[in-house]
Amino acid sequence: MRLVELAHVLRSAGPAYRRRFGERMLPSHRRALSDIVGCRTSALGGSIYDCTDCGVRHYAYHSCRNRHCPTCQADRAQAWLDRTRARLLPCDHYLLTFTLPSELRALARAHQKIVYDVLLREAAASLQILARDPQWVGGRPGILAVLHTWSRSLAYHPHAHLLVTAGGLSPDGSAWVKPAHPRFLVPGYALSSLFRGRVRAALVRAGLASQARPDVWTKRWNVHVKRIGNGQHAALYLSRYVYRVALTNDSIQSFDGGRVTFRYLDARSREARRMTLPAADFIARFLQHILPKGLAKVRSYGLLSPGLRPDLERARALLEAQATADHPFSEFHEPSLEALPIQPDLPDAPRFCPACKTGRLVFVGLLERPRAPP
């Protein structure tokens, strides 16, 4: 049985959704619907190939390359993983998760560029402030931050994942400093309080703080700190978050009678769950995770900042020189972690002819995009 893809749902139910909400839809939402529906169809044009043996002609339609298209992300994830593994330092890492409180989610949806930028920037800044304190680290760590806006059930849940080195480069650049406490990086309660204060100050400067409920500034914010192992292991783990889109094609179970059923993993019980929604509600739930145009969802801070490349290489040399030293977490393995099965995206054409299985495909021309009549 052929799997139901997101494009199939959008192609069938999207026109009605546009007629109903078209005037209120953001440009980024309209573009995402158009791109995903046209992905790998004649609407985007393609390449033409002939087989050298049997002469059969093949058409390979182009991908939309929209960053929210579930069909286009696997090859980008693999390329990102390859680049990131080369940049990460050869040391243990932590994964920190900063979650925006529910009281601020309406504000975030209404001012996405501002609030998402604040979330990423102030999460990284809060960590760097604590890491500079010799009581915790006393050095500058390397930080890779990734923005996410969804829960497992596609609910709106803005949060940031930060991949952080277990230690940092000393202020004078002469040594790699390990965390002062071998079992944690920085205290979560202090990080939560600092993060909350910095977000509030940033929203005050942006003129948005008055739109938030006052009690959000007195509650404890959720910041989770987790050891994750060495750099290569950590990169593989974080690749789950980087180019993953809110919904994957294989999570859609059925589309029948105007209703969509998709599966997800319950965060608490770790059991597979299913949810069925009317097509319009399903599309709305997916579209709320479309990011504004130009917003960078992956950012580098600290030693991984583009402007600190010399410091990064200095830290790498120091760590490599100490490769035989005793690393507190070098034997740590996350027991529930499974290798991420990243499959490469389909190329523009297979190497061998799908018809005869022996001939090679030779490029003969481009299939232009169809044009609307003048």
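All of these numbers come straight from a predicted model, not from anything done at the bench.
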Kindly determine whether Asp172 and Ser174 satisfy side-chain hydrogen bond (donor to acceptor under 3.5 Å, both in side chains), including the steps that lead there.
CA-CA 6 Å; Asp172 62 1; Ser174 64; 2.7 Å; yes
Are [Y] and [X] co-members of a hydrophobic cluster defined by side-chain heavy atoms under 4.5 Å apart?
{"X": "Leu308", "Y": "Leu312", "answer": "no"}
{"X": "Leu194", "Y": "Trp217", "answer": "yes"}
{"X": "Ile114", "Y": "Leu147", "answer": "yes"}
{"X": "Leu44", "Y": "Leu10", "answer": "no"}
{"X": "Tyr301", "Y": "Leu130", "answer": "yes"}

Side chains of [X] and [Y]: is there a donor and an acceptor less than 3.5 Å apart?
{"X": "His159", "Y": "Thr97", "value": "no"}
{"X": "Asn222", "Y": "Ser192", "value": "no"}
{"X": "Arg40", "Y": "Ser63", "value": "yes"}

Can you check whether [Y]'s main-chain N or O pairs, donor with acceptor, with [X]'s side chain at less than 3.5 Å?
{"X": "Lys113", "Y": "Lys293", "answer": "yes"}
{"X": "Arg314", "Y": "Gly173", "answer": "yes"}
{"X": "Arg196", "Y": "Lys219", "answer": "yes"}
{"X": "Asn66", "Y": "Asp35", "answer": "no"}
{"X": "Ser251", "Y": "Leu247", "answer": "no"}
{"X": "Ser254", "Y": "Asp256", "answer": "no"}
{"X": "Ser193", "Y": "Ala190", "answer": "no"}
{"X": "Ser12", "Y": "Val9", "answer": "no"}
{"X": "His29", "Y": "Leu287", "answer": "yes"}
{"X": "Thr165", "Y": "Gly142", "answer": "yes"}

With side-chain contact (heavy atoms from CB on, under 4.5 Å) as the criterion, how do Val137 and Leu185 come out once you've worked through the C-alpha distance, each side chain's angles and the decisive distance to 0.1 Å?
CA-CA 7 Å; Val137 180; Leu185 183 65; 4.0 Å; yes
Stepwise side-chain contact (heavy atoms from CB on, under 4.5 Å) check, Leu96 with Leu191:
CA-CA 10 Å; Leu96 281 64; Leu191 189 57; 3.6 Å; yes
Before you tell me yes or no, could you show the steps for Leu291 and Tyr116 under side-chain contact (heavy atoms from CB on, under 4.5 Å), namely the whole-Å CA-CA distance, both residues' side-chain angles and the distance that decides it to 0.1 Å?
CA-CA 9 Å; Leu291 298 177; Tyr116 293 164; 3.9 Å; yes
Would you call [X]-[Y] a salt bridge at under 4.0 Å N-O?
{"X": "Arg273", "Y": "Glu271", "result": "yes"}
{"X": "Asp266", "Y": "Arg270", "result": "no"}
{"X": "Arg316", "Y": "Glu320", "result": "no"}

Heavy atoms of other groups near Arg31 CZ, more than 12 under 6.0 Å:
no
Could you check whether atom CZ of Arg263 has more than 12 heavy atoms from other residues, nucleotides or ligands sitting under 6.0 Å from it?
yes
Decide side-chain hydrogen bond (donor to acceptor under 3.5 Å, both in side chains) for Thr149 and His289; before the verdict, give the C-alpha distance in whole Å, the side-chain angles of both, and the deciding distance to 0.1 Å.
CA-CA 6 Å; Thr149 63; His289 306 297; 2.9 Å; yes
Just checking His161 against His148, ring centres under 6.0 Å apart?
yes
Tell me if the centroids of the rings in Phe21 and Tyr17 come within less than 6.0 Å of each other.
yes
Can you see which heavy atom on [X] is nearest to which on [Y], and at what distance?
{"X": "Leu120", "Y": "Val146", "value": "CD2-C, 4.0 Å"}
{"X": "Cys39", "Y": "Cys69", "value": "SG-SG, 3.9 Å"}
{"X": "Val223", "Y": "Phe98", "value": "CG2-CD2, 3.7 Å"}
{"X": "Leu119", "Y": "Pro158", "value": "CD2-C, 4.3 Å"}
{"X": "Trp176", "Y": "Ala166", "value": "NE1-O, 4.0 Å"}
{"X": "Ile290", "Y": "Ser28", "value": "CG2-O, 3.7 Å"}

Do you know which of Arg57, Arg360, His58 makes side chain to side chain donor-acceptor pair (under 3.5 Å) with Asp50?
Arg57
Pair Ser300, Arg87 - check side-chain contact (heavy atoms from CB on, under 4.5 Å), show working.
CA-CA 11 Å; Ser300 301; Arg87 290 182 63 207; 3.4 Å; yes
Please work out whether the ring planes of Tyr61 and Tyr59 are parallel, tilted or perpendicular, with thresholds of 30° and 60°.
parallel
How are the rings of Phe195 and Trp221 set to each other: parallel, tilted or perpendicular (split at 30° and 60°)?
perpendicular
Considering only heavy atoms from C-beta outward, does the side chain of [X] approach that of [Y] to under 4.5 Å?
{"X": "Lys226", "Y": "Tyr94", "value": "no"}
{"X": "Arg19", "Y": "Pro15", "value": "yes"}
{"X": "Leu208", "Y": "Leu107", "value": "yes"}
{"X": "Arg132", "Y": "Arg140", "value": "no"}
{"X": "Leu6", "Y": "Phe282", "value": "yes"}
{"X": "Thr276", "Y": "Val260", "value": "no"}
{"X": "Val115", "Y": "Leu100", "value": "yes"}
{"X": "Leu104", "Y": "Val216", "value": "yes"}

Does Tyr156 have Arg109 sitting over its ring (NZ/CZ under 6.0 Å from centre, angle to axis within 45°)?
yes
In Å, rounded to the nearest 0.5 Å, how long is the span from CD of Glu122 to CD1 of Ile129?
8.0 Å
